[in-house]
Amino acid sequence: MGEEAEEIRLLRRVALGDEEALLALYRRYAPRVHGLARRILRDGHEAKDVVQETFLRI
């Protein structure tokens, strides 16, 4: 299964309330989200908050 297909499968599972799928997405993307937020905000603590808020909204 390709990476894009795997992401779509995980997103569908998340939409159905699958917490393991959300955790898989978190592990995959949290470092990228944190890095981007840290570059924009220039604050590591604020960047952590952004990561949490992002995944809570998913």
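As the structure is a prediction and not an experimental result, all values here were calculated from the model.
Contacts of Asp18 classified as salt bridge (charged side-chain N to carboxylate O under 4.0 Å, His left out), with partners at least two apart in sequence or in another chain: Arg13.
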- Message: If you apply the rule side chain to side chain contact (heavy atoms under 4.5 Å, CB included), what do you find for Arg12 with Leu16, and how did you get there?
- Response: CA-CA 7 Å; Arg12 286 183 178 151; Leu16 295 172; 5.7 Å; no
- Between Thr54 and Tyr29, does a side chain to side chain contact (heavy atoms under 4.5 Å, CB included) hold up when you go through it step by step? CA-CA 10 Å; Thr54 298; Tyr29 291 105; over 6 Å; no
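Residues Val14 and Leu22 approach most closely at CG2-N, 3.5 Å, considering heavy atoms. For Leu10 against Ala24, the heavy-atom pair with the smallest separation is CD2-CB, 4.0 Å.
Both Val51 and Leu11 are part of a single hydrophobic cluster, where members link through side-chain heavy atoms under 4.5 Å apart.
Here CG of Asp49 is found 9.5 Å from NE2 of His34. Values are rounded to the nearest 0.5 Å. With values rounded to the nearest 0.5 angstrom, Ile40 atom CD1 is found 13.5 Å from Arg38 atom CZ. Taking CD1 from Ile58 and CD from Glu53, the interatomic distance works out to 11.0 Å, rounded to the nearest 0.5 Å. Expressed to the nearest 0.5 Å, how far CG of Leu23 lies from CZ of Phe55 amounts to 10.0 Å.
Arg28 CZ: more than 12 foreign heavy atoms inside a 6.0 Å radius.
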